[in-house]
Participant: 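Got a structure here, written out as structure tokens. Questions coming.
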Amino acid sequence: MYKIMTPGPTQVAENVRLARSLECTNPDLDEDFYDFYKETCELISSLLHTENETLILDGEGILGLEAACASLTEPGDEVLVLDNGVFGKGFGDFVSLYGGTPVLYTVDDKRPIDPELLETFLEEQVRRRKRNFKYATLVHCDTPSGMKNPIEKLCPLLKRYGILTVVDSVSAMFGEPVSVDEYKIDILCGGSQKAVSAPPGLTFVTISAAAREAMARRRTPIASFYANLQVFEGYYEKKWFPYTMPISDIYGLRAALENIRSDTGMLARHQRIGQACREAVRRAGLKLHLECGFSNTVTVFDVPGETTARKILDTMRSEHRIMLAGSFDTLAGQVIRIGHMGSNANETDMAETMEALEQTLRKLGVPMPESLSAVFRQELKQ
Ligand SMILES: *Cc1c(COP(=O)(O)O)cnc(C)c1O
């Protein structure tokens, strides 16, 4: 077994694993399960500070993103795709799949999206050229690079231009602050396997009244069943789910969410560990991949010239039983990612990881002016 210090999936606590082994009822027919499902959805809404309804869908994080696009996009719709990373750009594919026209707003992938520059773009495109963006897609933490975008500023700005907002916070929520109502997010997507710290398998979305209205006003039917957010309408009153719910996954998710509810220091801990990890990486002479906009859920550094990503990852696994992640798409082979989100964000596992990484890099001939693990421990004490 490895200690998984990856930016999702993350380590799963024992009480979550045990909850998944509880006896099962028939989730379609047992009315008590409808209460359990609804209460779990309400718990998610309350943890994300929203009055909006939450739905839990049976599929990984990607399903939530696709369901948001499938449910909002009609053929010919223009959709603004904010892109400074792999997931940012990826939203454009879902928009196209459902017949929409993605308009990419592509900016520097080493810095967060700047609200002022976006405002200039909106002023030009929406006010002058009368472009009609039905909604915009944004990524809170673009995990392959660790980029955190200021959704608290970007979403209210988009709403001022009459644009609905779809936010992928799969790898940020609960490690970074998210306040759905205050930020004016119409559809927010989350997943079970990142900071939530349950196994992969579930996605959940919060849906605003405005997003519901946009779905209700469609002229064409939603071109999907599984990715259709409208098929859940009235499930509780009707005691009818559109498909059989994965009951054990949801038992596990509930336990994981209750862990989050009782963990009042969670955000502060992410902040402290993220900060200490970045400082250690810098002072050890490694290069953080980004210039700014670091998410406290993952640290990404460039692979030093003396070695390769493969060698670092293999050595960490074979000699230290710790799993870190490389990256993919345009970043494949170029960076190493340390996932310190959710249950991974604890000082003991992180100190062990930094110590192992230091030994690994020294073994591979990477010079380090300061000790990665000593700086990390020092920073935590401050
Ligand atoms: C992990 C992740 C997802 C979900 O991807 P899966 O392949 O389903 O795990 C979506 N968005 C972001 C930003 C992610 O980090």
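Whatever order the structure lists them in is the order used to number ligands and atoms, beginning at 1. Residues: numbered from 1 along the sequence shown.
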Participant: With a 4.0 Å cut-off on N to O distance, would you call D314 and R317 a salt bridge?
Facilitator: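 Salt bridge present between D314 and R317.
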
Participant: Pairs under 3.5 angstrom only: tabulate donor-acceptor contacts from the side chains of residues 89-98 to other protein residues two or more places apart or in another chain.
Facilitator:
unit_1 : atom_1 : unit_2 : atom_2 : d
K89    : NZ     : D83    : OD2    : 3.2
S96    : OG     : G92    : O      : 3.1
Y98    : OH     : E66    : OE2    : 2.4

Participant: Could you walk me through whether V178 and V167 satisfy the side chain to side chain contact (heavy atoms under 4.5 Å, CB included) test, starting with their C-alpha distance in whole Å, then the side-chain angles of each, then the deciding distance to 0.1 Å, before giving a yes or no?
Facilitator: CA-CA 11 Å; V178 178; V167 174; over 6 Å; no

Participant: Decide whether E358 and S371 meet the rule of one side-chain donor and one side-chain acceptor closer than 3.5 Å.
Facilitator: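 On atom types as modelled, these side chains qualify, holding a pair under 3.5 Å.
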
Participant: Parallel, tilted or perpendicular: which fits the ring planes of F241 and F232, with parallel below 30° and perpendicular above 60°?
Facilitator: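 The rings of F241 and F232 stand perpendicular, inter-plane angle above 60°.
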
Participant: Look at atom CD of E23 and say whether more than 12 heavy atoms of other residues, nucleotides or ligands are closer to it than 6.0 Å.
Facilitator: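 Not buried by this count: 12 neighbours or fewer within 6.0 Å.
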
Participant: List by chain and number: which residues place a heavy atom under 4.0 Å from ligand 1?
Facilitator: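 The answer is E60, G61, I62, F87, C141, T143, D168, V170, S171, Q193, K194, counting any residue whose heavy atom sits under 4.0 Å from ligand 1.
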
